[in-house]
Amino acid sequence: MKKIALFPGSFDPFTKGHHDIVLRSLKLFDEVIVAIGYNSAKKNRYFEIEMMVEKISNLYLGDDRVKVLVYNELTSSLAKTQGANFLVRGLRNIIDFEYENTISQMNRNLNPDLETVFLITSSKYAAVSSTIIREVHRYNGDVSEYLPYQL
């Protein structure tokens, strides 16, 4: 049976830290689906979702083990429709763990076959967050060293 993992997030933007999680996930799973979701807690995206789909898809061009899709439903439901029994999440710190653990418990209640796998962020990316990248970019700062593609 194929091991399919869903890597959900708003990816606004998709950073080198996210890219690192995908590459490391490919060592554990047969397929990784990068699922770009609409976060109801966030009013508007900073980077257009279509642009993120294109940038992420181009990163993995030629590697059919990685798929990119956009969704607007419960992550646990998406996992079922995609045949994914695993969610992959990156953890930078204890604050991430507390937040992700709560979500993981709810996903498991909604879809008992869904297992969340936490990967500790590589130390060189621990300080990188999409929120910080957006803020630096908003004020014309150079964010190129934090992104695995050109804006």
Side-chain angles (χ1 to χ4, degrees), residues 3-93 95-97 99-100 102-104 106-107 110-111 114 116-151:
K3 291 189 293 185
I4 302 172
L6 196 65
F7 182 30
S10 56
F11 304 117
D12 189 20
F14 188 84
T15 68
K16 284 185 177 178
H18 295 130
H19 181 55
D20 183 58
I21 294 294
V22 170
L23 295 178
R24 291 168 51 208
S25 295
L26 288 170
K27 295 176 183 175
L28 303 171
F29 304 103
D30 300 312
E31 182 180 318
V32 175
I33 302 168
V34 178
I36 306 171
Y38 288 95
N39 186 335
S40 60
K42 297 177 184 177
K43 300 286 185 223
N44 296 309
R45 290 184 60 88
Y46 182 77
F47 292 99
E48 292 293 326
I49 204 162
E50 295 80 12
M51 182 188 87
M52 274 304 108
V53 169
E54 180 184 340
K55 297 290 186 186
I56 299 167
S57 296
N58 286 341
L59 274 176
Y60 306 106
L61 206 59
D63 189 342
D64 60 357
R65 300 174 301 156
V66 180
K67 294 183 177 145
V68 181
L69 57 83
V70 177
Y71 74 106
N72 192 12
E73 64 183 290
L74 290 172
T75 302
S76 59
S77 299
L78 178 68
K80 279 182 186 176
T81 63
Q82 295 298 313
N85 287 330
F86 302 94
L87 289 182
V88 173
R89 302 298 296 155
L91 298 177
R92 292 171 297 179
N93 52 45
I95 295 166
D96 282 355
F97 173 76
Y99 174 74
E100 294 293 344
T102 303
I103 293 171
S104 171
M106 181 55 73
N107 281 326
L110 295 169
N111 180 349
L114 192 57
T116 301
V117 176
F118 296 117
L119 296 178
I120 304 300
T121 303
S122 297
S123 60
K124 62 185 171 184
Y125 303 120
V128 178
S129 77
S130 292
T131 303
I132 292 170
I133 300 305
R134 286 192 306 270
E135 195 68 10
V136 171
H137 187 267
R138 179 175 283 120
Y139 292 102
N140 299 315
D142 181 13
V143 295
S144 59
E145 72 177 281
Y146 308 107
L147 304 175
Y149 49 82
Q150 297 295 316
L151 285 178

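- Surrounding CE of Met51 are more than 12 heavy atoms belonging to other residues, nucleotides or ligands, all under 6.0 Å away.
- Of all heavy-atom pairs spanning Leu114 and Phe86, the tightest one is CD1-N, 3.8 Å.
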Going through the checks in order, is the side-chain contact (heavy atoms from CB on, under 4.5 Å) test met by Gln82 and Ile4? CA-CA 8 Å; Gln82 295 298 313; Ile4 302 172; 5.6 Å; no
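- Between Leu147 and His137, every side-chain heavy-atom pair lies at or beyond the 4.5 Å cut-off.
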Start with the C-alpha gap between Leu91 and Glu100, add the side-chain angles, then the distance that decides, and say whether side-chain contact (heavy atoms from CB on, under 4.5 Å) holds. CA-CA 8 Å; Leu91 298 177; Glu100 294 293 344; 3.8 Å; yes
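- Side-chain atoms of His18 and Ile56, non-hydrogen and from C-beta on, never get closer than 4.5 Å to each other.
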Candidate pair Ile49 and Tyr38, rule side-chain contact (heavy atoms from CB on, under 4.5 Å), full reasoning: CA-CA 9 Å; Ile49 204 162; Tyr38 288 95; 3.6 Å; yes
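- Side-chain atoms of Ser130 and Tyr46, non-hydrogen and from C-beta on, never get closer than 4.5 Å to each other.
- Here the side chains of Pro13 and Lys55 are not in contact, with every heavy-atom distance at 4.5 Å or above.
- Residues Leu28 and Val88 are not in side-chain contact: their nearest non-hydrogen atoms beyond the backbone lie 4.5 Å or more apart.
- When every heavy atom of Gly90 is checked against every heavy atom of Ile21, the shortest pair comes out as CA-CD1, 3.9 Å.
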Steps toward side-chain contact (heavy atoms from CB on, under 4.5 Å) verdict (Phe29, Lys3): CA-CA 5 Å; Phe29 304 103; Lys3 291 189 293 185; 4.1 Å; yes
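- Leu78 and Glu73 get closest at one heavy-atom pair: N-OE1, 3.5 Å.
- For the atom pair CG (Asn111) and NZ (Lys80), the distance works out to 5.0 Å, reported to the nearest 0.5 Å.
- At distances below 3.5 Å, not a single donor-acceptor pair connects side-chain atoms of Ser122 with backbone N or O atoms of Tyr125.
- Between atom CD1 of residue Ile103 and atom OG1 of residue Thr75 there is a gap of 8.0 Å, rounded to the nearest 0.5 Å.
- The shortest heavy-atom contact between Tyr71 and Pro8 is OH-CB, 3.4 Å.
- The side chain to side chain contact (heavy atoms under 4.5 Å, CB included) test applied to Arg65 returns Leu26, Asp63, not counting sequence neighbours.
- The local environment of NZ in Lys67 is sparse, with at most 12 non-hydrogen atoms from other residues, nucleotides or ligands closer than 6.0 Å.
- A 4.5 Å side-chain heavy-atom check between Val22 and Phe7 finds at least one atom pair inside the cut-off.
- Distance check: Tyr149 OH to Glu54 CD gives 11.0 Å after rounding to the nearest 0.5 Å.
- A pairwise comparison of heavy atoms in Leu69 and Ile33 identifies CD2-CG2, 3.6 Å as the closest pair.
- The six-membered or imidazole ring of His19 lies near that of Tyr60, with a centre-to-centre distance under 6.0 Å.
- Heavy-atom minimum distance, Ser104 versus Phe118: CB-CZ, 4.0 Å.
- Looking at Arg134 and Asp12, their side chains come closer than 4.5 Å, going by heavy atoms from C-beta outward.
- Considering CE of Met52 and CZ of Phe14, their distance stands at 9.5 Å, rounded to 0.5 Å.
- Between the OG atom in Ser77 and the CG atom in Leu110 there is a gap of 7.0 Å [rounded to 0.5 Å].
- For residues 137-150, the salt bridge (Lys or Arg N to Asp or Glu O under 4.0 Å) pairs, not counting sequence neighbours, are Glu135-Arg138.
- Counting non-hydrogen atoms of neighbouring residues, nucleotides and ligands closer than 6.0 angstrom, the CG atom of Leu151 exceeds 12 such neighbours.
- Residues Asp20 and Thr121 form no side-chain contact, since every pair of their non-hydrogen atoms from C-beta on lies 4.5 Å or further apart.
- In this structure, CD1 on Ile120 lies 8.0 Å from CZ on Arg24, to the nearest 0.5 angstrom.
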